[in-house]
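Down below is the structure, laid out as C-alpha cells.
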There are 2 protein chains.
Amino acid sequence: MGEMIHLPRATFERLKMYRKALESVKKPFISSDEIAKFLEINPELVRKDLSYLKCQGKPRVGYDVEELRKELNDLFGVNSTTNMIIVGANDLARALVNQDFSKVGVKIVAVLDIESENVGKFIGEFSVREMDVLERVMRRFNVEIAALCISRDKAQATAEILIKNGIKAIWNFTGVHLELPSNVIVVDEDLTKSLLTIKHLLK
Amino acid sequence: MGEMIHLPRATFERLKMYRKALESVKKPFISSDEIAKFLEINPELVRKDLSYLKCQGKPRVGYDVEELRKELNDLFGVNSTTNMIIVGANDLARALVNQDFSKVGVKIVAVLDIESENVGKFIGEFSVREMDVLERVMRRFNVEIAALCISRDKAQATAEILIKNGIKAIWNFTGVHLELPSNVIVVDEDLTKSLLTIKHLLK
DNA sequence: TAGATTGTTAATCGATTAACAATC
DNA sequence: TAGATTGTTAATCGATTAACAATC
C-alpha cells in the first residue's frame, strides 16, 4: 500500500486548480479539453497531469467528475479536518474567521492574541484568549496550524512560542521572513506579490 | 531606449523575492551567497537572475544594495503610484485598508459597495460609497485596480460593471472564476491554495 | 599576490508540447 | 463504422545547476 507516486511540483500546483474548477461542475463527465479551456492551459497538459492519478478517463466521454473530485480531495486530505488557531485579533483575523475553510478541511478552533487589551473581544464567534492558554488549546484541539496575523515586530518571537508548543505549520501573514527550524512548515501569504504582478502587467 | 530584455517567468517571480529581501538589508553590499542563503536557493541562480538586470556585482564585494533596490523598484514600477478602489465593505476590506501598500506603489482611494446598507459606514478612513459614484471616482483618481471583496453570487456581474467603467485590473478575492475579456488583468487571490499546500505537507 | 566572488557557458534536469496509436 | 477523446512516447523548450575563467 501507499504507492507513493512522484508528483512533479508543477503538476501538484495544477491539481489544486483542477480540484477547485471541479467544484462548480454539474455534469457527470468532463473532457480534458473542457478543463483546459476553463483554466486556459493545454488539454495535453491536463491529460498528462491526470495520468498521475489512479483515475482514468473514458475515450469519447471524458473523466468521471465525481471520481476525479474524490481522488483529488483524498490527495489533499480535504476530507479529514485539520485544526487551526489564529494568533492576532485584528481585521485580518476577522476576515479569516468569515471564510469557509471547511471545504478544504480546515477548522478554526480559537483566536489568541499577545496584546492583552484584545483579550475578551469577539472575533466572529470566538472570544479572544491570551497566549497563556496556548498549551491548553493545543492539547484540547490537537491544533496543527497557526495563522500568524500579528504585527511585524512580534512575529519572530511569537512564531517561536508557537513552535515550542507544538504547532506544526505557520501560515504567515506578517510579511516578516521567519527563521525557524527546517522541520516547521512555513507558508508566507504575501499580498504585495500580487500587486507587483498587477503593476508589471499594467505597464 | 526601452531595451525590452526578455525576463524568464521563473526569474521574474524571484526578482520579487529579492526586492522584498533587500528591504531589511542594512549593509551597503550583499553577495549572491547571502541572498541565496536567506531565500534558501542556489547562489548561482541568484547571479543568473541578477545578470538580467543592468546592475553589476563587484567580485569580492557583491552587489550594491542601494543600486539593486533602485533597479528592482523601477522594474516593478514601485516608485510611481497606482490608484486602487476596494469593492465590498467587509472585514477583508478593512484588513486591506490597514495594510501598507504604499511600499509597492499602490494607493487605496475609495471603498465602494453594492449593498446599500453598507453605504456611509466607515472602513478605516473611507466612508463607503455606492456603486453609482464609480464613474466619478474613476475620473477623479485615475483608478486602475479594483480589489473585489464581495460575495460570490455578485462577483461576475460586479466585475463586468467595473470593466465597463474602465478598470484595467481586478484583484479577485471572491474565489469565483471570472470570465472577462482577455485584455483585462485578473489576479486571483486564493487563500485556500496555501491551506492545501499546508495540508499536503502535514502528511 | 592570493582568494573571494562575479558572470557566463555548457550540461543537466524537468516541464510542456507534438504526435499518434489505442479505444470506446 | 467513423469520430472523438484518452493515454503515452518522443521531441522540444525552458529552467537550474555545474564548472570555471575573469576580476577586483
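Computed from heavy atoms alone, side chains included, the values below leave out hydrogens, waters and symmetry copies. Sequence lines set the chain letters: A, B, ... in the order given, protein chains first and strands last, and positions in each chain run from 1.
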**Pair B:Glu135 + B:Arg139, salt bridge at N-O below 4.0 Å** = yes

**Request:** Rounded off to whole Å, could you give me the CG-to-P distance for the B:Leu45 and D:dG14 pair?
**Result:** 17 Å

**Message:** Between B:Glu34 and B:Lys27, does any NZ, NE, NH1 or NH2 come within less than 4.0 Å of an OD or OE carboxylate oxygen?
**Reply:** yes

**Message:** Could you tell me how far apart A:Phe29 (CZ) and C:dC24 (C1') are, to the nearest whole angstrom?
**Reply:** 12 Å

**Fill in**
Rounded to the nearest 0.5 Å, the CG atom of B:Asp190 sits from the CG atom of B:Leu195 at a distance of 9.0 Å

**Message:** Please report whether the ring centroid of B:Tyr18 lies less than 6.0 Å from that of B:Phe38.
**Reply:** no

**Message:** In whole Å, I'd like the distance from the CG atom of B:Asp49 to the C1' atom of D:dT16.
**Reply:** 10 Å

**Prompt:** Does D:dT16 have OP1 or OP2 sitting under 4.0 Å from an N or O in the side chain of B:Asn42?
**Reply:** no

**Message:** I want to verify a distance call: between C:dA15, C:dT16, D:dT17, whose nearest atom is closest to the A:Arg14 side chain?
**Reply:** C:dT16

**Item:** Nucleotide C:dG14, atom P - distance to NE2 of A:His6 in whole Å
**Value:** 7 Å

**Request:** Say whether, by atom type as modelled, one donor and one acceptor occur between the side chain of A:Arg69 and the main chain of A:Leu22 under 3.5 angstrom.
**Result:** yes

**Asked** Under the 3.5 angstrom rule, does the side chain of A:Asn165 hit a backbone N or O of A:Leu134 as a donor-acceptor pair?
**Response** no

**Complete:** 5' to 3', nucleotides 1-8 of chain D under a 4.0 Å protein heavy-atom cut-off (B base, S sugar-phosphate only, - none) gives --BBBBB-

**Asked** Please give, in whole Å, the distance from D:dA15 P to B:Leu7 CG?
**Response** 10 Å

**Asked** Would you say the side-chain atoms of A:Asn90 pair up with the backbone N or O of A:Cys149, donor to acceptor, closer than 3.5 Å?
**Response** yes

**Asked** Distance only, no hydrogens: is a donor on one side chain within 3.5 Å (strictly under) of an acceptor on the other, for B:Ser31 and B:Asp33?
**Response** no

**Asked** In which ranges does DNA chain D form stems of 3 or more consecutive Watson-Crick or G-U pairs, distances under 3.5 Å?
**Response** C:3-24 with D:3-24

